[in-house]
Amino acid sequence: MSETTSVPSPGATGDRNISGVSIRLEGVTKRYPGQDRAAVDDVSFEIAAGETVMFVGPSGCGKTTLLKMLNRLIEPTSGRIHLGDEDVTDQDADQLRRRIGYVIQAGGLFPHMTVAANVGIVPRMLKWDRQRITERVDELLDLVGLDPAVYRDRYPRELSGGQQQRVGVARALAADPPVLLMDEPFGAVDPITRQRLQDELLRIQEELGKTIVFVTHDFDEALKLGDKIAIFDVGARVVQYDTPERILAEPAGDYVADFVGAGATLKQLSLTRVADVQLEPVTTALAGADSTAVVAAAQAAGDDFVVVLDGRGRPISWPTVAELSRTTTVPVTVDERLPVVGLQSTLNDALDTMLAASQGGVVVTGRRDSLAGVVTVETVMAVIQQARAEVAR
């Protein structure tokens, strides 16, 4: 695999970089002895550097087999696999896997190892020095939203399912691989945790620009996360490979239309990011600050709520002005049920979060979970009404 360089993402704004490499498949086939039909039959297509491509298809269609051939967990019967300008089909498989991140359900963590040991396992194999590994572990735990001081010495059994999955992502990124393979990584967690993990992946991808190949059974997840979606039939035959927008607007026949399902208009909410709509400002307060001054500021701004921030600018609670007026200092307690979404979350996520929390809005966070603003139910409804109006024309 050639040395990767950071270049501006096509069409992106800000300072997003691409650190991934392209993936090119040429006639990749997998046949198992005793089976009449190939599990993967002569697949050829290309994934651009820095793109997230979602593999979608029915159980047994070969999408997971194809994914595992990319890092040679399953050896292809024939065909060629290129990462960047390098043909990796015949390279040493163990060496190849150390250069490709791999994430599975529940993180696949080693239960007898601490979080730090799990994250640092590939750098240790690559013979990094101890100080470099320690710094990398802390950097990655912070990247995936886990405080290193709190989590580095814990064991997997002491973590929730969502926390284990975050550690799994951190471990996959430890050696800074250009390619990240993800095999239904969020399939074993509850819907709220799943949404937050998806948001975390979008935020990380915005920052790092890896090439990600992601297998999922959930078409809505594919719409949310994918730059492109590959829809497979039996034998990993590619029925349609396109952007989510094109697949929704122009499904390639009834087979793809069945994946899209009913309510294509409302699925447009899965294509609109929170970052694409107007965010509302909100009064903020540092945890531990004088409540009287905060209440006065909120009342002057006409706000009914105040977003409480920790010392790093991350929202931890969203009390009403009435609740704060009964305190002398702003509470430092973290509200685990705080309705929060990221800038890269979809409006569908925002609406779901509002409904689950019985709130008329949600807190929005940006990079490293810093506060970006608030999105309201009125904003989401306006987008729905606009989508319906466009369809009716």
Side-chain angles (χ1 to χ4, degrees), residues 1-4 9-10 18-32 35 37-104 172 177-185 205 209-217 219 221-222 225-244 246-247 252-253 255-256 259:
M1 212 176 305
S2 60
E3 192 79 15
T4 61
S9 174
I18 292 176
S19 61
V21 295
S22 63
I23 300 173
R24 189 171 80 257
L25 307 180
E26 297 177 354
V28 173
T29 299
K30 180 62 183 180
R31 295 183 179 276
Y32 290 102
Q35 293 188 355
R37 178 177 290 177
V40 173
D41 192 6
D42 193 27
V43 174
S44 299
F45 65 91
E46 186 165 357
I47 298 170
E51 280 191 340
T52 299
V53 171
M54 310 297 289
F55 283 6
V56 179
S59 295
C61 72
K63 59 186 183 296
T64 295
T65 300
L66 182 61
L67 180 87
K68 290 182 177 180
M69 284 196 285
L70 297 179
N71 66 354
R72 307 257 304 287
L73 281 173
I74 294 176
E75 292 288 352
T77 304
S78 60
R80 313 303 297 179
I81 300 170
H82 298 262
L83 300 185
D85 56 4
E86 190 173 357
D87 186 338
V88 300
T89 315
D90 300 319
Q91 290 187 4
D92 180 84
D94 288 335
Q95 293 296 326
L96 174 65
R97 283 192 283 273
R98 292 176 189 177
R99 297 186 287 162
I100 296 177
Y102 186 52
V103 186
I104 60 176
V179 173
L180 188 63
L181 307 181
M182 309 189 79
D183 190 3
E184 297 197 70
Q205 176 66 342
K210 301 296 181 183
T211 303
I212 300 177
V213 184
F214 189 122
V215 168
T216 182
H217 278 97
F219 188 71
E221 182 170 65
L225 298 180
D227 295 308
K228 288 185 179 175
I229 301 172
I231 299 178
F232 294 100
D233 200 349
V234 175
R237 181 178 69 87
V238 180
V239 181
Q240 188 166 1
Y241 179 44
D242 215 328
T243 64
R246 287 289 299 278
I247 288 174
Y255 182 85
V256 176
F259 273 100

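Quick caveat: nothing in here was measured; it's all calculated off a predicted structure.
- At a threshold of 4.5 Å between non-hydrogen side-chain atoms, the residues F55 and D183 do not count as touching.
- Residue T29 comes nearest to D42 through the heavy atom pair OG1-N, 2.9 Å, listed as atom of the first residue, atom of the second, then distance.
- S44 places a side-chain N or O within 3.5 Å of a backbone atom of G27 that can act as its donor or acceptor partner.
- Within the model, atoms CZ of F214 and CD of E184 stand 8.5 Å from one another, a figure rounded to the nearest 0.5 Å.
- Scanning both residues, G226 and P244, for their nearest heavy atoms gives O-CG, 3.3 Å.
- Only one option out of K210, Q205, K228 pairs with E51 in a side chain to side chain contact (heavy atoms under 4.5 Å, CB included); it is K228.
- Atom-to-atom distance recorded for I100:CD1 and I23:CD1 is 7.5 Å, nearest 0.5 angstrom.
- Across all their heavy atoms, V28 and V40 have their closest contact at O-CG1, 3.5 Å.
- Two residues are said to be in side-chain contact when any heavy atoms from C-beta on lie closer than 4.5 Å; K30 and K68 fail this criterion.
- One finds the OG1 atom of T52 at 11.5 Å from the CD1 atom of I229 (value rounded to the nearest 0.5 Å).
- Listed by chain and residue number, nothing satisfies the salt bridge (charged side-chain N to carboxylate O under 4.0 Å, His left out) test with D92 (two or more places apart in sequence, or in another chain).
- By the side-chain hydrogen bond (donor to acceptor under 3.5 Å, both in side chains) test, Q35 is found to be paired with no residue, residues two or more places apart in sequence or in another chain being considered.
- Here the straight-line distance linking atom CD of E26 with atom CD1 of I81 works out to 10.5 Å at 0.5 Å rounding.
- When atom types are taken as modelled, the side chain of T216 and the backbone of A222 share no donor-acceptor pair closer than 3.5 angstrom.
- Within the 4.5 Å cutoff, side-chain heavy atoms of L96 are placed close to those of L83.
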Requested in this report: Start with the C-alpha gap between L66 and L25, add the side-chain angles, then the distance that decides, and say whether side chain to side chain contact (heavy atoms under 4.5 Å, CB included) holds.
Outcome: CA-CA 10 Å; L66 182 61; L25 307 180; 3.9 Å; yes
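- Residues V213 and L70 form a side-chain contact, since some pair of their non-hydrogen atoms from C-beta on lies under 4.5 Å apart.
- Considering CD1 of I74 and OH of Y32, their distance stands at 3.5 Å, rounded to 0.5 Å.
- Counting all heavy atoms, side chain and backbone alike, R31 lies closest to R37 at NH1-C, 4.5 Å.
- Side-chain N or O atoms of S22 include none that pairs as donor or acceptor with a backbone N or O of I47 at under 3.5 Å.
- The distance from the CD1 atom of I212 to the CE atom of M182 is 6.5 Å, given to the nearest 0.5 Å.
- Scanning for side-chain hydrogen bond (donor to acceptor under 3.5 Å, both in side chains) contacts around D87 gives R80, T89, with sequence neighbours left out.
- Using bins of under 30°, 30° to 60° and over 60° for the plane-to-plane angle, the ring pair F259/F219 lands in the tilted bin.
- When every heavy atom of R72 is checked against every heavy atom of R97, the shortest pair comes out as O-NH1, 2.9 Å.
- Taking both residues in full, the closest heavy atoms of K63 and F232 are given as CB-CD1, 4.0 Å, listed atom of the first, atom of the second, then distance.
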